[in-house]
Number of protein chains: 2
Amino acid sequence: MAREIDRRAARTRKALHQALMTLMLRKGYEALSVQDIVDEADIGRSTFYAHYTGKEDLLRSGFQMLREELKEAQSAVRAAAGTSHDDPLGFSTAMFEHAARYADHYRTMIGARDGAVAENEIRLILSEMVRREMPRTLHGDRMPRDFVVQFIVGAFLTTLNWWFERKPGLLPSEVDVMFRSLVLDGLSPLVDDRHR
Amino acid sequence: MAREIDRRAARTRKALHQALMTLMLRKGYEALSVQDIVDEADIGRSTFYAHYTGKEDLLRSGFQMLREELKEAQSAVRAAAGTSHDDPLGFSTAMFEHAARYADHYRTMIGARDGAVAENEIRLILSEMVRREMPRTLHGDRMPRDFVVQFIVGAFLTTLNWWFERKPGLLPSEVDVMFRSLVLDGLSPLVDDRHR
DNA sequence: TATGATAATGGACACTATGTTCGGAATTTT
DNA sequence: AAAATTCCGAACATAGTGTCCATTATCATA
C-alpha cells in the first residue's frame with residue numbers, strides 16, 4: 001500500500017504543530033510570525049510554505065485534526081453508553097472538567113482576545129450598559145452580578161450574529177422576542193419532559 | 001482659555017477616524033494597513049504616528065469617544081424618563097432596532113471574525129457537539145435549532161472566560177451548576193417580581 | 001542494497017509594511 | 001506680526017512575507 005504520507009512530511013507537520021502550541025502558550029497567537037515558528041520547530045522556511053500557506057493555515061489544520069478525533073471519540077461513546085436522554089447540556093460537565101485540567105491551553109485559545117479588538121470594545125460598552133440597568137434585586141448572591149452581565153452581553157451578541165448571518169429577514173421586534181425568551185426563561189420551556 | 005486642542009490636530013484625527021470607518025466597511029479591519037488609512041485620509045504617514053501608535057490605537061480611541069457619548073446620552077435618558085423598573089434586558093429592544101438600521105456597521109464590527117481564528121474553530125467543534133446532543137424534541141419550531149445551538153455554545157464560552165478571568169478558584173462542578181442553571185432557567189429565577 | 005522518487009535545506013530576491021527622524025513649510029494661537 | 005505648534009514628505013533601518021531553485025538528505029520499493 002503506497003497511500004501513506006511520507007514520513008518526512010509527517011514529521012515536519014508534527015514539528016510545526018508542536019512548535020505552534022509551544023509558542024502560543026508562551027507568547028500568544030497574534031504575536032507569532034512564521035519565522036518564529038520555523039525557528040522553534042527547526043524547520044526550513046521554504047519547507048513551511050510547502051505545507052501551509054501561513055500560520056493561520058497551520059492553526060486551522062491543527063483544529064481540523066482535533067475535530068476528527070473528537071468526532072470519532074464521541075461516536076464511540078455514543079455507541080457504548082446510552083445516550084443521555086434529552087439533556088441538551090450533556091456535554092457541559094465533562095467539558096468544564098477538561099477545561100480545568102488544561103486551563104493554560106484553553107486560556108490561550110479562547111482568551112486570545114488580541115484579534116477581535118472591535119468586539120472587545122463593544123463588549124465593554126454593552127457591559128456598562130447592562131450593569132447599569134440591572135436591578136439591584138438580584139436575588140441574593142446565588143449568581144455573581146458580574147457573571148450575569150457577561151451572560152447577557154454574550155447572548156445579545158450571539159443573537160445579533162445569528163440574525164445577520166442566518167435570518168437577516170427577521171424584524172428587530174421578532175428577534176427581540178426570541179432573545180428575551182431565551183435569556184429570561186432559558187431552555188426549559190423548549191424541552192418536553194420537565195426536569196425536577 | 002488655552003485648553004482646547006489645535007484645530008489642525010482635531011481635523012487630522014477626524015480625517016483618520018473617518019478613513020478608518022470607510023475602509024473597514026469596504027475591506028474589513030484585519031486587511032487594513034496604516035498605509036491604507038493615511039492614503040485614504042490624505043494625511044502624512046509621520047503625522048499618523050504623531051497621534052496614534054497604530055491602527056489598533058486609532059480604533060480604540062474611536063470606541064473611547066463613542067463610549068463617552070453613550071454614557072452621557074444614557075445618563076440624560078435615565079434622568080428624564082423613569083427607569084424601566086427591574087427589567088434586566090431593558091436595553092435590548094432599542095439596541096436591536098439600532099442594529100437593524102446600521103446593519104453594515106454592526107456586521108463589520110462584530111462579524112470581524114478574521115482575528116479570533118482559534119475561537120472560531122472552537123465554536124465549530126462545540127456547535128457540532130451540542131447539535132448532536134440536542135434532543136429532537138425541541139418543542140415545535142418556536143426557536144430555530146440553529147439559534148439555540150449558538151446560544152448554548154456562546155453561553156458556555158462566556159462561562160469559561162468568566163471562570164478563568166474572575167474566579168479561577170471555583171471547582172468545575174460549581175461552575176457547571178451555575179452554567180446549567182442560567183442556561184436552563186434563564187434570569188427569571190433571579191429577579192424578584194415574577195413577570196406575566 | 002541500489003535506484004528513482006520525494007522532501008528538506010538554505011540562500012537569494014522582490015516586495016510590503018513598520019516605526020523613527022528631521023528640516024522646512026504651513027497653519028494656528030496669542 | 002511673532003511665536004508656537006502641527007503637518008509634510010522623504011530617507012532610513014528593521015522585519016516579515018512568499019517564491020524560486022540548485023543541492024543534499026531521506027524514503028519507498030523492487
Side-chain angles (χ1 to χ4, degrees), chain A residues 1-62 64-65 112 114-118, chain B residues 1-62 64-65 112 114-118:
Chain A
M1 320 303 173
R3 269 294 49 86
E4 302 302 331
I5 303 169
D6 194 305
R7 289 193 217 142
R8 291 166 292 180
R11 264 195 308 239
T12 297
R13 287 188 162 94
K14 191 164 294 184
L16 288 173
H17 280 118
Q18 175 58 45
L20 177 64
M21 272 307 298
T22 305
L23 291 179
M24 279 184 70
L25 288 173
R26 191 186 306 154
K27 309 173 45 181
Y29 174 75
E30 294 294 327
L32 297 183
S33 67
V34 172
Q35 205 56 259
D36 294 332
I37 299 172
V38 297
D39 287 351
E40 170 76 23
D42 194 22
I43 293 288
R45 219 161 83 79
S46 53
T47 305
F48 178 96
Y49 287 108
H51 289 272
Y52 305 101
T53 69
K55 64 170 178 168
E56 179 168 332
D57 192 25
L58 174 61
L59 180 58
R60 284 206 140 80
S61 101
Q64 177 68 21
M65 288 162 48
D114 306 319
V117 187
Chain B
M1 320 302 173
R3 269 290 52 84
E4 300 302 332
I5 304 167
D6 192 304
R7 290 195 216 140
R8 289 166 295 181
R11 263 195 308 237
T12 297
R13 286 188 163 93
K14 190 165 298 185
L16 288 173
H17 279 117
Q18 176 58 46
L20 178 63
M21 271 309 297
T22 305
L23 291 179
M24 278 184 70
L25 289 173
R26 191 187 307 156
K27 309 173 44 180
Y29 174 74
E30 294 294 327
L32 296 183
S33 66
V34 173
Q35 205 54 261
D36 293 331
I37 300 173
V38 297
D39 286 352
E40 171 76 24
D42 194 23
I43 294 289
R45 219 160 85 78
S46 55
T47 305
F48 179 97
Y49 287 107
H51 290 272
Y52 305 101
T53 69
K55 64 171 179 167
E56 179 168 331
D57 192 26
L58 174 61
L59 180 59
R60 284 207 140 80
S61 102
Q64 177 68 21
M65 290 163 48
D114 307 320
V117 188

Can you measure B:Leu58 atom CG to C:dT18 atom C1' for me and round it to whole angstrom units?
16 Å

Quick one: CZ on B:Arg8 to OG1 on B:Thr47, what's the gap to the nearest 0.5 Å?
11.0 Å

Under 4.5 Å between any side-chain heavy atoms of A:Gln35 and A:Phe48, yes or no?
no

Whether the side chain of B:Lys27 engages the backbone of B:Thr22 through a donor-acceptor N/O pair (distance < 3.5 Å, no angle test) should be reported.
no

Looking at B:Ser46, does any N or O in its side chain come under 4.0 Å of the phosphate oxygens OP1/OP2 on D:dG9?
no

Once you apply a heavy-atom cut-off of 4.0 Å, does B:Arg11 come out as touching a base, just sugar-phosphate, or nothing?
sugar-phosphate

Taking the side chain as C-beta and beyond, is there a heavy-atom pair between A:Val34 and A:Leu58 under 4.5 Å?
no

Would you mind reporting whether B:Arg13 and B:Met65 have side-chain heavy atoms less than 4.5 Å apart?
no

Are the side chains of A:Leu20 and A:Leu32 in touch, meaning some heavy atoms are under 4.5 Å apart?
yes

Would you list the protein and nucleotides 2-4 of chain D atom pairs, both N or O, that sit under 3.5 Å from each other?
none

Taking the side chain as every heavy atom from C-beta outward, state whether A:Tyr52 and A:Arg60 have any atom pair closer than 4.5 Å.
no

I need the CG-P distance between B:Asp39 and D:dA10, as an integer number of Å.
13 Å

Let me confirm one number: the NE2-CD1 distance from B:His51 to B:Ile43, rounded to the nearest 0.5 Å.
7.5 Å

Rounded distance (Å) that lies between atom P of D:dG9 and atom CZ of B:Phe48:
16 Å

Inter-residue atom distance A:Glu30.CD - A:Met24.CE, 0.5 Å rounding
9.0 Å

Tabulate protein N/O versus nucleotide N/O from nucleotides 14-17 of chain D, keeping only pairs under 3.5 Å, one per line.
from	atom 1	to	atom 2	distance (Å)
D:dT17	OP1	A:Val34	N	3.0
D:dT17	OP2	A:Gln35	N	3.4

Quick one: does any side-chain atom of A:Asp57 pair with a main-chain N or O of A:Gly54 as donor and acceptor, under 3.5 Å?
no

By nearest-heavy-atom nucleotide on DNA chain D, the more 5' of B:Ala50 and A:Asp6 is B:Ala50

Check this one for me: any side-chain N or O of B:Thr47 less than 4.0 Å away from OP1 or OP2 of D:dC8?
yes

In whole angstroms, how far is the P atom of C:dT18 from the OH atom of B:Tyr52?
17 Å

Here the distance between atom P of C:dG11 and atom CD1 of A:Ile43, to the nearest Å, is 16 Å

Does C:dT29 have OP1 or OP2 under 4.0 Å away from a side-chain N or O of B:Arg7?
yes

With rounding to the nearest 0.5 angstrom, report the NE2 to CG distance, B:His17 to B:Leu59.
8.0 Å

Can you tell me the distance, in whole Å, between the NE2 atom of A:His51 and the C1' atom of D:dT19?
16 Å

Estimate the overall bend of the helix from C:dT1-D:dA30 to C:dT30-D:dA1 from the end axes over five pairs each, rounded to 10 degrees.
40°

